[in-house]
Amino acid sequence: MKIGYACINQSLDCRSSRTFRLKNYSEERLKNTIDSNLDCLLKILKFNLKNKILFFRITSDLIPFGSHPIMRFDWQDYFKLRFREISKFITRNKVRITMHPGQYTVLNSKNRDVYENSVNDLKYHVDVLDLLELSPSAKVQIHVGGVYQDKKKSIMRFVERYEKLEENIKNRLIIENDDRSYSFSDILKINEKIKIPVVFDVYHHECLNNGTRIEKLFESFISTWKRKDGHPIVHYSSEHLTKGKCKHAETINIENFYKFILKTKSYNFDIMLEIKDKEKSALKAVKLLLDDPRFNKSIL
DNA sequence: TCACGTCAAGCAGAT
DNA sequence: ATCTGCTTGACGTGA
């Protein structure tokens, strides 16, 4: 079981998601920004390793405008040695990596342009993971997309478009239940059709479910993952104390986290924390597991 | 140095 | 109609 967090490390004084505005685009600026983003990414990964955090989501902003038409620069070739260096670090230390395209990537969109841009964006994300020479266990995770007042048709559109994707994208793509449109049981239905592995988002499930308890779903969730896909992935958050329902918490509620861990302890999976204070919560979770004899072997 | 208007992009739900 | 939130505020002009 690996513990991870998403994109940003607040303890370090760098960001791997520096970008710039489109109207300021220049090759020079692009190179500088990518250079500093890659520097920071490696710094974060080293910080993580030192703290036994072996799961990390790389930001989509690593390469600014990575899937935008303005991008003509061959960053894949120009930075290939830098990527190789990071690749070695990740592989040598068995770090699990994922990426998560943003809200503008909607594979099942009814708008043709949005659909085509989405395919390009998936290509960009997969490009990054391919450049890092990572196995198919490094995943690109998305939500199903829009409902457009007709969930059945929208799911069918997702399925058809998934099937048209190139193999290297299909090998990495996974889908996650969200908090307002597609519940976990919707996601499972899609899995039945195309066998795409599914991420179980514990907190989204609390916001949107069909009254089914986690324990009943866990077996079917786990079985959507094949050996080549690596360990199943769970997303974990808890409720924001003041902002209320379905807002991500500022920091992890470690008691609730522990309860969840106990409830699911017969399964092996990796946990991505989606919590505002990032690595701080990850450190707490790692410490909890290391201090508990039931888990301290499985995390190392 | 800092305030604050704006930034590539979609969708759903609340106001 | 407009605003907010989403995996996340950051950029950068103008004072």
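Quick note on labels: first sequence line is chain A, next is B, and so on, each numbered from 1. Just so we're clear, the structure is a prediction, and the values are computed from it rather than from any experiment.
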A.B. asks: Would A:Tyr236 and A:Tyr203 count as a close aromatic pair, with their ring centres under 6.0 Å?
C.D. replies: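 No, they do not, as the ring centres are separated by 6.0 Å or more.
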A.B. asks: Looking at the side chain of A:Phe20, which of C:dT7, B:dA12, C:dC11 is the nearest nucleotide?
C.D. replies: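 Output: C:dC11.
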A.B. asks: Can you check the A:Gln103 CD to B:dG10 P distance for me, whole Å?
C.D. replies: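 Those two atoms, CD and P, are 10 Å apart.
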A.B. asks: Can you tell me the base-pairing partner of C:dT8? Count Watson-Crick or G-U wobble geometry only, both distances below 3.5 Å, and say none if there is no partner.
C.D. replies: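 Check on C:dT8: unpaired, no WC or wobble geometry under 3.5 Å.
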A.B. asks: Say we look at C:dC3 and B:dC7: how far apart would their P atoms be, to the nearest angstrom?
C.D. replies: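 It works out to 15 Å between them.
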A.B. asks: Centroid-to-centroid, A:Phe269 to A:Phe218, below 6.0 Å?
C.D. replies: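 Yes, ring centres under 6.0 Å apart.
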A.B. asks: Select one nucleotide: of B:dA12, C:dT7, C:dG12, the one nearest the side-chain heavy atoms of A:Arg21.
C.D. replies: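 Nearest to the side chain of A:Arg21 among the choices is C:dG12.
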A.B. asks: How long is the line joining CD1 of A:Ile8 and P of C:dT7, in whole Å?
C.D. replies: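 Nearest whole value for this atom pair: 13 Å.
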A.B. asks: I'd like to know if A:Arg15 pairs up with A:Asp61 as an ion pair, taking the criterion as any Lys NZ or Arg NE/NH1/NH2 lying under 4.0 Å from an Asp or Glu carboxylate oxygen.
C.D. replies: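 So A:Arg15 does not pair with A:Asp61 through a salt bridge.
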A.B. asks: If I pick the P atom on B:dT1 and the same atom on C:dT7, what distance separates them, to the nearest angstrom?
C.D. replies: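 About 35 Å, rounded to a whole number of Å.
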A.B. asks: If I pick the C1' atom on C:dG5 and the same atom on B:dA9, what distance separates them, to the nearest angstrom?
C.D. replies: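 That atom pair is separated by 15 Å.
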A.B. asks: How many whole angstroms separate atom CZ of A:Arg157 from atom P of B:dG10?
C.D. replies: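 Nearest whole value for this atom pair: 15 Å.
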A.B. asks: Please identify which of these residues, A:Tyr25, A:Phe65, A:Tyr78, meets the side-chain contact (heavy atoms from CB on, under 4.5 Å) condition with A:Leu30.
C.D. replies: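 Output: one option passes, namely A:Tyr25.
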A.B. asks: Between A:Lys170 and A:Glu167, is the closest basic N to carboxylate O distance under 4.0 Å?
C.D. replies: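 A:Lys170 and A:Glu167: salt-bridged.
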A.B. asks: A:Ile58 has an atom CD1; how far is it from atom C1' of C:dT8, in whole Å?
C.D. replies: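 Between C1' of C:dT8 and CD1 of A:Ile58: 16 Å.
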A.B. asks: Is the phosphate of C:dG12, meaning OP1 or OP2, less than 4.0 Å from a side-chain N or O of A:Arg29?
C.D. replies: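 Yes, such a contact exists.
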A.B. asks: Rounded to whole angstroms, how far apart are CG on A:Leu62 and P on C:dT7?
C.D. replies: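 To the nearest whole Å, that distance equals 20 Å.
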A.B. asks: Pick from A:Leu41, A:Leu42, A:Ile58: which one makes a side-chain contact (heavy atoms from CB on, under 4.5 Å) with A:Ser16?
C.D. replies: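 Among the candidates, only A:Leu41 passes.
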A.B. asks: What is the separation between atom CG on A:Asn24 and atom P on C:dA10, rounded to the nearest whole Å?
C.D. replies: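 After rounding, the reported distance stands at 18 Å.
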A.B. asks: So what's B:dA14 paired with, Watson-Crick or G-U wobble, going by both distances under 3.5 Å?
C.D. replies: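 Paired with B:dA14, as far as the under-3.5 Å criterion goes, is C:dT2.
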A.B. asks: Quick one: do A:Leu107 and A:Val147 end up in the same hydrophobic cluster if we chain Ile, Leu, Val, Met, Phe, Trp and Tyr together by side-chain heavy atoms under 4.5 Å apart?
C.D. replies: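 Looking at the clustering, A:Val147 is in the same group as A:Leu107.
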A.B. asks: Expressed in whole Å, how much space separates the P atoms belonging to B:dA8 and C:dT13?
C.D. replies: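 Going atom to atom, P in each nucleotide, I get 13 Å.
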A.B. asks: Of A:Arg180 and A:Ile275, whose closest DNA chain C nucleotide lies nearer the 5' terminus?
C.D. replies: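 Between the two, 5'-proximity favours A:Arg180.
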A.B. asks: By centroid distance (under 5.5 Å) and plane angle (under 30°), are A:Tyr104 and B:dA9 in a stacked arrangement?
C.D. replies: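 One would call A:Tyr104 stacked on the B:dA9 base.
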A.B. asks: Provide the distance between the two P atoms, one in C:dG9 and one in C:dT4, to the nearest whole Å.
C.D. replies: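 To the nearest whole Å, 16 Å.
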A.B. asks: Pick base, sugar-phosphate or nothing for A:Tyr148, based on heavy-atom distances below 4.0 Å to the nucleic acid.
C.D. replies: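 Sugar-phosphate: the residue A:Tyr148, judged by heavy atoms under 4.0 Å, touches backbone atoms but no base.
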A.B. asks: May I ask which nucleotide in the shown strands pairs with B:dA9, Watson-Crick or G-U wobble, both distances under 3.5 Å?
C.D. replies: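 Base partner found: none.
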A.B. asks: When all nucleic acid strands are considered with a 4.0 Å heavy-atom cut-off, which category describes A:Ser109: base, sugar-phosphate, or nothing?
C.D. replies: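 Sugar-phosphate: the residue A:Ser109, judged by heavy atoms under 4.0 Å, touches backbone atoms but no base.
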A.B. asks: Would a line drawn from the ring center of A:His205 to the ring center of A:Phe200 be shorter than 6.0 Å?
C.D. replies: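 Distance test on ring centres: under 6.0 Å, yes.
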A.B. asks: Hey, is A:Glu160 close enough to A:Lys164 for a salt bridge, meaning N to O under 4.0 Å?
C.D. replies: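 A salt bridge is absent here (no side-chain N lies under 4.0 Å from a carboxylate O).
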A.B. asks: Taking any heavy-atom pair under 4.0 Å as a contact, classify A:Thr19: base, sugar-phosphate, or nothing.
C.D. replies: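 The residue A:Thr19 makes sugar-phosphate contact but no base contact.
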A.B. asks: Is the distance from OP1 or OP2 of C:dT8 to the nearest side-chain N or O of A:Lys276 less than 4.0 Å?
C.D. replies: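 Yes, A:Lys276 has a side-chain N/O under 4.0 Å of OP1/OP2 on C:dT8.
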A.B. asks: Could you tell me the separation between the OH atom of A:Tyr182 and the C1' atom of B:dG10, rounded to a whole number of Å?
C.D. replies: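 These atoms are roughly 13 Å apart.
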A.B. asks: Out of C:dC11, B:dA8, C:dA10, which nucleotide sits closest to the side chain of A:Arg15?
C.D. replies: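 Within the option list, the nearest is C:dA10.
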A.B. asks: Measure from CG on A:Asp61 to C1' on C:dC11 and round the result to the nearest Å.
C.D. replies: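 Nearest whole value for this atom pair: 12 Å.
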A.B. asks: Please list, in numerical order, the residues of residues 110-145 of chain A that have a heavy atom closer than 4.0 Å to any atom of DNA chain B.
C.D. replies: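 Heavy-atom cutoff 4.0 Å gives A:Val114.
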